[in-house]
Every structure is written in structure tokens, then in C-alpha cells.
Amino acid sequence: MALTSAPYGISDKYRARFEWWVAEDPRLTVVIGGQGWYGIGSTQVLMWRTDCIELMEPSPESVRALGYRQY
């Protein structure tokens, strides 16, 4: 299972919530960064279970342009 979104910003509150989810379930991981699909200023967010999907990354174009942060 994987979830993705492309918000225009991620507050510290939501970053802390992602960290909380990962601490609650070690199978979860979150990657934040790269260009979202809503256009300039949106950021790609990926969350998935590593027991189902080993590795996911933002699209290569996004990684080259902006880099990404992984928890």
C-alpha cells in the first residue's frame, strides 16, 4: 500500500505527524520532496509500508531539480 499527495506546503506540525506514524509502525516510511503534480510550489509526499514495497522515490525529475528528504 502507498499513499501520495502534493501539498503546497508542509508545516512542522505535519512533519511531526509523519515522524509519529513512522515511530508507531516501523513498516512505514515517508519521503518528502520533489516537484508535486499541482505545479510550482507543490511538494511530493510518499508514504508506504516497506513490507509491501521495498523502495519508492519521488520522480527522477523532481529529485534532480529539488532533492528530497527521507525520514
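Only a predicted model underlies this, so the values are computations on that prediction, with no experimental measurement involved.
The distance from the CG atom of D12 to the CD atom of E19 is 9.5 Å, given to the nearest 0.5 Å. We find the CE-CG distance between M47 and L28 to be 5.5 Å, quoted to the nearest 0.5 Å.
With a 4.5 Å cut-off on side-chain heavy atoms, L46 and V30 do not count as touching.
Closest heavy-atom contact between I32 and I10: CG2-CD1, 3.3 Å. Closest of all the heavy-atom pairs between W48 and E54 is NE1-O, 3.9 Å. Residues S42 and A6 share a closest heavy-atom pair of CB-O, 3.5 Å.
In this structure, Y14 places its OH atom where only 12 or fewer heavy-atom neighbours from other residues, nucleotides or ligands lie under 6.0 Å away.
Residues passing the side-chain contact (heavy atoms from CB on, under 4.5 Å) test with R27 are D25, R49, T50, D51, sequence neighbours excluded.
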